[in-house]
Enquirer: 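Here you go, one structure.
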Amino acid sequence: MTILNTLTVLALVVLSFALIVAVPVLYASDDTSGRSNRLILLGGLAWVALVLVNWGMSFFVV
């Protein structure tokens, strides 16, 4: 269970760094179709989901 917790924390860190780079780049792009907004929303929802998964995993790994 500890390894699974470590992997979820690693995924959260990697996604956080990806969002740090991707969000400003997507906001600066000239894409007016709304694709960039959907990608930012999807990344944000994935980040929140990983935070909740890590919170849930903390009950099993103490």
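What's counted below: heavy atoms across the whole structure, side chains too, no hydrogens, waters or symmetry copies.
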Enquirer: Please indicate whether Ile3 has more than 12 foreign heavy atoms, meaning atoms of other residues, nucleotides or ligands, lying under 6.0 Å from its CD1.
Expert: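 No, because the 6.0 Å sphere around CD1 of Ile3 holds 12 heavy atoms or fewer from other groups.
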
Enquirer: Going by side-chain heavy atoms closer than 4.5 Å, which hydrophobic residues are tied to Leu15, directly or by a chain of links?
Expert: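 Besides Leu15, the hydrophobic cluster comprises Leu12, Leu19, Val23, Leu26, Tyr27, Leu39, Ile40, Trp47, Val48, Leu50, Val51, Leu52, listed by chain and residue number.
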
Enquirer: Should Phe60 and Val53 be counted in the same cluster of Ile, Leu, Val, Met, Phe, Trp and Tyr side chains packed under 4.5 Å apart?
Expert: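 They do share one cluster, since a chain of ILVMFWY contacts under 4.5 Å joins Phe60 to Val53.
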
Enquirer: Between Met57 and Asn5, what is the shortest heavy-atom contact and its length?
Expert: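 Minimum heavy-atom separation between Met57 and Asn5: CE-N, 3.5 Å.
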
Enquirer: Which value, rounded to the nearest 0.5 Å, describes the distance between Thr6 atom OG1 and Leu10 atom CG?
Expert: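 If we round to the nearest 0.5 Å, Thr6:OG1 and Leu10:CG are 8.5 Å apart.
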
